[in-house]
Amino acid sequence: MTDIASSAPADESPGGYDPAAIERKWQAHWQATGANTPDLARGANPFYALMMFPYPSAEGLHVGNLFAFTGNDIYGRFQRLQGHTVFQPLGYDAFGIHSENFAIKLGIHPNELIPRNIDNFRRQLQRAGLMVDWTRELSTTDPRYYRWTQWVFLQLYKQGLAYKKKAAVNWCPFDKTVLANEQVIAGACERCGTMVEQRFLEQWFFRITDYAGRLLANLDALDWSETTKSAQRNWIGKSEGAEIVFVVQDVMEFAGSATASAGQSGEITATPLEIRVFTTRADTIFGATYLVLAPEHPLVASVVGDDQRDEVDRYVRDAGRQDLVSRKTTKEKTGVFTGAYATNPATGMPIPIWIADYVLMEYGTGAIMAVPGHDERDFEFARTYDLPIRRVIAGPTHAGDVSLDAAFTETDGCRVVNSGRFNGLPVGDAQAAIVTELAARHAAVPVVNYRLHDWCISRQRYWSPPIPIVYCERCGTVPVPESQLPVLLPAIDDFRPDDSGVSPLARHAEWYHTTCPQCGGPARRETDVSDTFLDSAWYFLRYTSADRDDVPFDPALTKKWLPVNSYIGGNEHAVLHLLYARFVTMVLHDAGHLHFEEPFTRFRAHGLIVREGAKMSKSKGNVVNPDQYIEEWGADTFRTYLMFLGPFEEGGDFRDKGISGVKRFLDRLWRSVQYARRDGATDADVRRKLHQTIRKVGDDVARLSYNTAIAAMMEYMNTMRSGERVPHVDEVRPLVQLVSPFAPHIAEELWSMLGESVSVMDSGWPTYDESLLADDQVTMAVQMNGKTRGTVRVSTDATQDEAVAAILADPALAKYVTGPIKKVIFVKGRLVNVLVAQ
RNA sequence: GCCGGGAUGGCGAAACUGGUAAACGCGCGGGACUUAAAAUCCCGUGACCGCAAGGUCUUCCGAGUUCGAGACUCGGUCCCGGCACCA
């Protein structure tokens with residue numbers, strides 16, 4: 001064995017780069033000095049850098065989480081270097097079915113499990129060296145937090161935006177609870193994948209549909225990822241059209257008692273019965289050859305004829321028994337004729353009224369005018385039941401032919417035909433003209449419809465905040481006074497849900513029996529708890545005031561720090577969380593609690609980290625545990641590697657092999673500082689590269705292009721150390737600052753090695769000198785007749801003539817000039833394209 | 001079906017407003033140092049033809065606009081995400 005010390009690499013010799021030691025040292029130092037805790041009241045130039053808070057799973061922190069948090073951390077640190085006071089808080093979204101199910105699975109009470117998970121998360125997060133203000137940490141399960149979640153509910157209640165109704169709801173038989181529409185994916189429960197059933201239960205709802213128009217319109221002005229905005233637009237689902245009135249014919253024959261026996265018709269009604277339909281294609285009304293009502297439509301009973309009653313009853317019963325899933329996925333169209341006819345207000349002709357479950361009660365008016373010629377579903381239905389199909393729209397190519405072997409749904413360049421006085425009008429004009437004319441007869445009104453439904457917030461579960469409502473025998477529904485909040489979630493042992501459709505809290509009489517806050521008489525508590533998405537719909541308001549028990553959020557601090565400057569999170573919350581947070585913010589704004597109505601000025605969805613092209617999952621066994629990598633490579637290397645493996649907004653493939661390149665870069669950085677010379681001149685080329693790098697890294701970080709920022713720093717490192725060159729301190733020092741958002745621990749250590757006494761985080765962002773960015777010589781591309789043939793080195797401000805002269809002076813290029821020069825394309829400093837006659 | 005995002009070397013990826021495609025990193029090949037290895041440093045590395053000088057081709061496919069297209073326009077294929085009997 002030879003002497004290891006003498007041949008050991010620099011980074012293992014005394015004073016070498018020891019990630020574990022310096023990371024421990026600086027994390028302790030930051031904590032001791034409160035480096036990550038800004039003075040919220042006095043800090044100048046505030047910047048709120050928020051990341052979506054995690055659900056603290058028992059498995060611990062996932063690389064995906066760390067990827068997102070690191071991306072946010074870099075942005076926050078960058079803003080701090082730019083002179084902002086940066087507030088980067090973190091908390092835990094620890095209530096909800098997720099946590100509860102896991103607790104049930106492990107047989108541990110969530111009261112016990114959740115704090116344990118949180119401790120583990122905090123430990124992992126702290127190892128990553130995030131610039132998080134841990135003094136303002138929060139958990140949604142803390143009564144000091146959910147007291148205010150209940151307060152938020154009461155604000156909505158006060159505004160008349162919270163109401164209870166019996167409704168067909170999505171019931172998950174596995175989780176034994178109601179789900180919001182947003183939580184049903186292709187008919188299955190978002191969490192467990194079980195097919196969802198339809199049940200009728202009394203539920204609390206928020207009137208988010210009242211805000212649909214604003215939620216949609218505001219999107220245009222938000223600086224958000226396009227994918228996220230698009231997902232929200234789809235979800236809100238605006239469609240502009242009209243409601244059109246169809247009068248039922250011979251109403252007296254069909255109106256009357258549904259219980260009339262022995263074929264006797266019931267009493268006669270004098271008012272004409274009207275059916276309102278919603279359509280976006282009023283231009284096709286002349287092709288409306290029948291009407292369809294949803295099976296649950298309230299007019300079904302009034303319209304149906306005696307001869308058809310049995311058949312209709314059977315059909316409606318069967319449709320109701322079907323769960324929402326099969327109804328939405330079944331392709332074959334079924335229906336039943338009511339025996340009644342309505343008058344098409346455009347043609348004046350009678351058309352039959354049908355009932356079919358392809359028409360949904362929840363959307364529009366629950367009734368449609370069917371235009372089989374120009375709607376695929378209507379076409380299919382008309383074929384099945386042999387109903388008339390009329391062409392009323394023709395494209396530019398088929399002028400006279402009227403036959404249709406499929407629904408013709410095009411509109412571009414199409415005109416209306418077979419439509420009386422509207423014939424020849426383009427589709428758009430016909431729509432407007434027809435609605436206007438029908439409106440004049442009170443037979444139509446323009447209407448905007450949204451796909452968005454009201455937000456069902458009731459959950460028949462345990463692990464969530466109880467809804468702060470009391471039912472009094474005398475006073476009815478009474479909100480719990482704000483002064484009596486929180487309504488504490490009782491620590492009960494049998495917290496498991498059952499099939500009864502009521503919360504486990506309903507089994508605890510000692511909890512739900514209470515007195516009425518109004519009259520003092522006997523009362524019952526609401527036993528439903530609220531949706532977890534309510535917890536996360538306002539948490540960003542709480543952070544600044546996490547230590548306050550007298551207010552949900554301090555008005556002065558809120559005014560100063562909100563709305564959030566930068567929000568980063570996963571696009572899986574594009575619809576649910578972000579829409580609810582926007583809604584709650586608007587409501588609190590309207591109630592005078594907030595000065596803004598959009599909570600997140602800028603939002604960026606980060607990409608997904610995959611492994612060998614596949615999403616990481618426990619079942620595939622390809623989950624990366626960050627602990628192990630931080631152990632092996634250090635947090636700085638791991639953070640930087642995560643940011644280097646692909647564009648932040650697209651994610652990337654996690655491969656162990658790639659990490660070594662980043663480690664090598666940090667090793668080289670270390671040695672550059674360690675052996676930097678203080679004497680001698682700095683080199684002009686290196687200096688130019690440095691200033692270019694400062695500019696590029698700044699630009700790139702500002703637009704979250706972290707991978708290219710890192711590449712630029714590596715490039716500079718290569719320039720600075722090319723060959724055997726030993727860098728000068730002045731060349732290295734700014735690089736340490738540029739690296740610091742990515743690799744904060746090594747940056748602090750190197751910064752102090754350079755003799756600096758303040759933290760590198762507060763050293764400011766290095767500035768670049770515009771005049772040093774360009775060389776006095778440039779390499780221009782040379783093309784001959786559009787084909788790249790080489791390059792030419794000329795002075796930076798060379799004119800076209802000078803460049804051409806340089807080309808002709810170079811025999812390797814001049815040989816291509818085989819004839820007279822017809823034309824020259826000259827892009828200063830970039831390229832010369834010489835067009836030669838051939 | 002509708003909406004959004006993609007497709008570039010062996011691999012992860014760059015190219016901001018149309019101007020030298022493949023920066024940066026991994027991997028691979030060669031060299032220096034070493035008894036040897038590791039580490040480090042240097043050189044090379046899209047494909048094809050050629051001893052070389054050099055040439056030809058190349059950004060999913062097909063057309064187009066342009067002096068010039070990975071980028072713009074039209075048509076098509078495939079992948080990822082959202083919505084979906086929404087009238």
Side-chain angles (χ1 to χ4, degrees), chain A residues 2 7-12 185-186 225-237 239 241 277-281 284 292 327-331 333 356-360 362-365 367-371 375-378 380-381 409 449-451 571-572 574-575 605 607-608 610 613 615 641 644-647 649-650 652-662 664-665 667-668 671 696 699-700 703 705 707-715 717-718 721-724 779-791 812 822-825 827 829-835:
Chain A
T2 52
S7 61
D11 62 359
E12 286 178 22
I185 308 298
S225 299
E226 193 48 47
T227 60
T228 312
K229 291 211 257 187
S230 154
Q232 294 223 341
R233 286 194 189 102
N234 278 334
W235 187 263
I236 296 169
S239 50
V277 305
F278 175 72
T279 182
T280 54
R281 293 295 308 277
T284 62
V292 189
R327 215 179 130 177
K328 286 196 171 182
T329 50
T330 308
K331 283 280 165 268
K333 306 244 174 314
D357 66 0
Y358 81 91
V359 172
L360 308 173
E362 313 91 80
Y363 186 76
T365 60
I368 61 157
M369 63 175 208
V371 185
D375 181 279
E376 281 165 23
R377 297 149 303 182
D378 297 343
E380 192 192 328
F381 191 80
T409 56
N449 253 318
Y450 297 96
R451 210 169 294 187
N571 218 24
E572 69 273 16
V575 174
L608 213 63
V610 297
K615 198 173 166 177
Y641 170 63
F644 186 56
L645 55 66
E649 292 179 67
E650 285 168 40
D653 203 4
F654 187 94
R655 293 158 310 119
D656 294 17
K657 280 179 183 169
I659 304 180
S660 57
V662 171
R664 271 198 272 268
F665 169 68
D667 282 339
R668 274 156 51 98
R671 272 178 269 127
K696 175 150 178 67
D699 289 352
D700 285 358
R703 59 188 174 102
S705 184
N707 55 335
T708 55
I710 295 165
M713 292 188 282
M714 287 172 164
E715 232 179 292
M717 174 77 78
N718 293 342
R721 293 174 59 97
S722 77
E724 301 291 296
T779 304
M780 291 182 72
V782 176
Q783 296 184 345
M784 297 291 168
N785 291 327
K787 222 170 199 21
T788 303
R789 292 296 183 183
T791 60
K822 283 197 305 188
K823 192 182 176 186
V824 176
I825 312 280
V827 183
R830 284 201 168 262
L831 136 156
V832 192
N833 187 5
V834 182
L835 303 180

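Naming: A, B, ... by sequence-line order, numbering from 1 per chain.
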Subject >> Selected nucleotide, minimal atom distance to A/R451 side chain, candidates B/C83, B/C24, B/C3 >> reply: B/C83

**OP:** Side chain of A/R668 only, please: which of B/C41, B/C85, B/G82 is the nearest?
**Re:** B/C41

Original post:
Below 4.0 angstrom, N of the basic side chain to O of the carboxylate: do A/E376 and A/K333 qualify?
Top reply: no

Subject >> Anti or syn - B/G46, cut at 90° from 0 >> reply: anti

Original post:
On a whole-Å scale, what distance lies between the P atoms belonging to B/G12 and B/G62?
Top reply: 23 Å

**OP:** Pick base, sugar-phosphate or nothing for A/L835, based on heavy-atom distances below 4.0 Å to the nucleic acid.
**Re:** sugar-phosphate

Original post:
With respect to the phosphate group of B/A14, does any side-chain polar atom (N or O) of A/N707 fall under 4.0 Å of OP1 or OP2?
Top reply: yes

Original post:
So does A/K787 get a side-chain nitrogen or oxygen closer than 4.0 Å to the phosphate oxygens (OP1/OP2) of B/C57?
Top reply: yes

Original post:
Rounding to the closest angstrom, what is the interatomic distance between B/A22 and B/G46 at atom P?
Top reply: 9 Å

**OP:** Rounded to whole angstrom, note down the P distance from B/A87 over to B/A7.
**Re:** 32 Å

Original post:
Any side-chain heavy atom of A/T284 within less than 4.5 Å of one from A/D375?
Top reply: no

**OP:** With C1' as the reference atom in both, quote the distance from B/A69 to B/U8 in angstrom, rounded to an integer.
**Re:** 14 Å

Original post:
So, does the side chain of A/N833 form a donor-acceptor pair with the base of B/C67 at under 3.5 Å?
Top reply: yes

Subject >> Selected nucleotide, minimal atom distance to A/L645 side chain, candidates B/U56, B/G12, B/U20 >> reply: B/G12

Original post:
Picking from B/C67, B/C85, B/G12, which would you name as closest to the side chain of A/F644?
Top reply: B/G12

**OP:** May I ask you to evaluate whether A/R664 reaches the phosphate of B/C24, defined as a side-chain N or O under 4.0 Å from OP1 or OP2?
**Re:** no

Original post:
What nucleotide, of B/A87, B/C26, B/C41, holds the atom closest to the side chain of A/R721?
Top reply: B/C41

**OP:** Could you give the distance separating B/A15 and B/C60 at their P atoms, to the nearest angstrom?
**Re:** 16 Å

**OP:** With the side chain of A/T791 defined as its heavy atoms from C-beta on, choose the nearest nucleotide among B/G82, B/U20, B/C24.
**Re:** B/U20

Subject >> Pairwise distance CD1(A/I659) to CZ(A/F644) - rounded to 0.5 angstrom >> reply: 12.5 Å

Subject >> Shortest side-chain distance from A/R789, nucleotide among B/A23, B/A87, B/U56 >> reply: B/U56

Original post:
Closer than 4.0 Å, any side-chain N/O of A/T788 to the OP1 or OP2 of B/A21?
Top reply: yes

Original post:
Is there side-chain contact between A/Q783 and A/I825, with heavy atoms separated by less than 4.5 Å?
Top reply: no

**OP:** Applying salt bridge (Lys or Arg N to Asp or Glu O under 4.0 Å), name anything that partners A/E715, two or more places apart in sequence or on another chain.
**Re:** A/K689

Original post:
Reading RNA chain B 5' to 3', how would its secondary structure be written in dot-bracket notation, given Watson-Crick and G-U pairs with both distances under 3.5 Å, brackets [ ] for crossing pairs and | for partners on other strands?
Top reply: (((((((..(((......[....)))((((((.......))))))((((....))))..(((((..]....))))))))))))....

Original post:
Between B/G9 and B/C57, how far is it from one C1' atom to the other, in whole Å?
Top reply: 14 Å

Original post:
Looking at the side chain of A/A711, which of B/A87, B/C67, B/A23 is the nearest nucleotide?
Top reply: B/A23

**OP:** Could you please name the option among B/C26, B/A87, B/C3 that lies closest to any side-chain atom of A/S230?
**Re:** B/C3

Original post:
With under 30° as parallel and over 60° as perpendicular, where do the rings of A/F278 and A/Y363 fit, or are they tilted in between?
Top reply: perpendicular

**OP:** For B/A13 versus B/C83, give the span between their C1' atoms, rounded off to a whole number of Å.
**Re:** 32 Å

Original post:
If the P atom of B/C24 is compared with that of B/C78, how far apart are they to the nearest Å?
Top reply: 37 Å

**OP:** Inspect the surroundings of CZ in A/R830 and state if more than 12 heavy atoms from other residues, nucleotides or ligands are less than 6.0 Å away.
**Re:** no

Original post:
Which of these nucleotides, B/A87, B/G25, B/A13, is closest to any side-chain atom of A/S239?
Top reply: B/A87

**OP:** Examine the side chains of A/N449 and A/S239 and answer whether a donor and an acceptor come within less than 3.5 Å of each other.
**Re:** no

